[in-house]
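A quick note: this is a predicted structure, and the numbers were derived from the prediction, not measured. Lettering follows sequence order; numbering is per chain, from 1.
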Protein chains: 2
Amino acid sequence: MSTGVPEGYDPHAFWPFAVTVDLAVFTVRDAALHVLLVERGQDPFRGRWALPGGFVLPRESADEAARRELAEETGLGPDAVGAFHLEQLRTYTDPDRDPRMRVVSVAYAALLPDLPEPRGGGDAASARWWGAGSAGPLAFDHDRILADARDRIGAKLEYTCLATEFCPAEFTLGELQQVYETVWGVELDRPNFRRKVLNAPGFVQPVEGPPRRTGGRGKPAALYRAGGATALHPPLLRPPPTEPSLSRPEGRTP
Amino acid sequence: MSTGVPEGYDPHAFWPFAVTVDLAVFTVRDAALHVLLVERGQDPFRGRWALPGGFVLPRESADEAARRELAEETGLGPDAVGAFHLEQLRTYTDPDRDPRMRVVSVAYAALLPDLPEPRGGGDAASARWWGAGSAGPLAFDHDRILADARDRIGAKLEYTCLATEFCPAEFTLGELQQVYETVWGVELDRPNFRRKVLNAPGFVQPVEGPPRRTGGRGKPAALYRAGGATALHPPLLRPPPTEPSLSRPEGRTP
DNA sequence: CCCTTTATAGTCAGAGTGACTATAAAGAAG
DNA sequence: CTTCTTTATAGTCACTCTGACTATAAAGGG
């Protein structure tokens with residue numbers, strides 16, 4: 001703060017940036033990653049789908065604005081929304097990202113379990129879940145924000161216990177594995193996944209009582225809760241993306 | 001963008017947020033992590049030290065503003081500055097973080113090799129390097145920004161090849177190890193570090209010719225350049241912080 | 001009753017790592 | 001010049017973790 005600092009104190013003497021928050025709200029449903037989108041009712045990008053978001057109010061932080069928007073868009077009470085994972089992603093500041101004026105957007109990623117009532121009762125009547133892969137071209141630079149959000153979530157599953165945020169309060173290891181497979185787009189070996197999760201201290205803790213979950217075919221599974229840990233050490237690395245070029249050590253015959 | 005959206009197009013009808021960038025510029029010097037600070041010449045926090053930074057201009061992105069500030073504060077040409085690693089950290093938006101007005105700050109972390117001429121020729125005459133641990137209470141919320149930046153850099157050393165950004169174009173494995181030990185504040189086993197780095201594809205590549213570096217005592221070391229890789233897979237995990245007691249693996253939220 | 005499906009338990013080889021020892025090549029000390 | 005210290009490099013060994021795989025248990029559907 002040493003250069004180009006305006007000396008006055010009148011806010012209107014400064015460049016009037018508008019500051020918004022944009023939310024990439026994810027959930028795992030039907031073995032697919034879904035993201036909450038809203039349809040724009042006005043120009044620019046009228047009729048296009050966009051990430052939910054809104055302006056940061058004069059007396060709130062961006063974190064508070066994001067939490068408020070999350071409550072409005074999901075239609076859930078602020079108390080319920082307070083339990084969801086919400087983290088700042090990064091800030092998008094291209095001068096031309098909004099054709100109307102100079103808007104910088106602080107992007108957030110939110111992780112929700114698959115809720116019974118997904119569509120919100122807020123003012124966003126046209127909000128709905130979209131498969132994260134099938135979301136068409138979004139308004140503004142929201143395609144990039146969404147891609148960055150997916151990258152971040154996928155990376156954080158490796159070295160944090162974040163996956164439980166996609167699950168209900170009690171869940172099976174199969175459901176937890178489904179989260180990893182859905183976000184990463186890979187298949188994991190079930191016994192190995194089980195061994196890794198159960199050996200990680202504080203990742204999950206077993207639920208006492210009748211250890212069964214019915215509903216599908218097959219043997220009932222034991223239920224678990226999220227443990228107290230947030231970091232996963234050593235990490236649960238996703239299989240490296242099979243590089244097409246390098247070392248193919250074929251040809252050595254024993 | 002569905003709530004609280006002003007309908008007009010007059011910029012002065014919006015809340016006039018000021019947007020700044022703040023830079024945590026790191027280097028490794030004398031086996032200690034150093035950060036570039038500037039002394040404030042005006043209120044608030046007159047006489048206190050602060051991270052260098054400045055306002056985002058009307059027609060530039062925050063990335064461009066950060067790169068421009070980095071050139072100004074280091075006194076290096078924009079061409080030299082363009083090679084340094086500079087990445088966005090996160091954005092700080094507490095309504096009261098600046099007592100004068102509403103300022104949101106996009107924080108960046110920059111990684112520099114130990115330069116022969118550290119102090120810049122810009123308008124920040126009072127810029128100097130501080131040991132990252134001995135930096136006193138800084139202005140604004142810069143203590144928190146600095147702490148977040150250190151956490152982020154330390155974490156990224158684990159799973160990226162970022163450490164080479166602290167080194168000159170040609171360096172020894174001992175110097176690279178020094179970077180890790182300094183940032184993490186731990187001691188690493190030299191043969192094991194060597195084995196890990198040399199086996200990681202694309203991390204470093206040997207320099208042809210006379211493989212020596214003199215200066216200190218001991219056997220001359222071979223020189224290496226940074227390889228093309230940016231990710232480190234599998235990661236180079238820092239030793240876990242010897243948990244003193246119960247099962248509460250502490251978590252960071254980068 | 002068999003077959004399919006899912007959950008759980010276990011085995012085994014190989015990669016990776018931490019701890020450690022040994023040797024080589026320089027300058028400093030005597 | 002010899003010896004010591006310092007740093008670089010090479011290698012060993014045991015242990016852990018992981019990927020791939022096999023086996024058994026417990027449900028529902030034909």
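- Residues that satisfy the salt bridge (charged side-chain N to carboxylate O under 4.0 Å, His left out) test with B:Glu87, not counting sequence neighbours, are B:Arg152, B:Lys156.
- Here B:Asp63 pairs with nothing under the salt bridge (charged side-chain N to carboxylate O under 4.0 Å, His left out) rule; sequence neighbours left out.
- Between A:Leu236 atom CG and D:dT18 atom P the separation is 8 Å, expressed in whole Å.
- When rounded to the nearest whole Å, the span between CZ of A:Arg238 and C1' of D:dT18 equals 17 Å.
- A straight line from CZ of B:Arg217 to P of D:dC4 spans 16 Å, rounded to a whole angstrom.
- Atom NZ in A:Lys219 sits about 8 Å away from atom P in D:dA27, given to the nearest Å.
- Applying the salt bridge (charged side-chain N to carboxylate O under 4.0 Å, His left out) test to A:Arg195 and every residue at least two apart in sequence or in another chain returns nothing.
- A:Arg144 meets the salt bridge (charged side-chain N to carboxylate O under 4.0 Å, His left out) test with A:Asp148; sequence neighbours excluded.
- Nucleotide C:dG16 holds its P atom 13 Å from the CG atom of B:Leu237, rounded to whole Å.
- Per the geometry, CG belonging to A:Leu198 stands 14 Å off P belonging to D:dC17, to the nearest Å.
- Contact check of residues 176-195 of chain B against DNA chain D (heavy atom, cut-off under 4.0 Å) returns B:Arg190, B:Pro191, B:Arg194, B:Arg195.
- Atom P of nucleotide D:dC17 and atom CZ of A:Phe203 are separated by 16 Å, given to the nearest angstrom.
- Taking the six-membered ring for Trp and the full ring otherwise, B:Phe193 and B:Tyr180 have centroids separated by under 6.0 Å.
- For B:Tyr159, the ring pair (Phe, Tyr, Trp, His ring centres under 6.0 Å) test picks out A:Tyr159, with sequence neighbours left out.
- Contact check, A:Lys196 against D:dT18: a side-chain N or O comes under 4.0 Å of OP1 or OP2.
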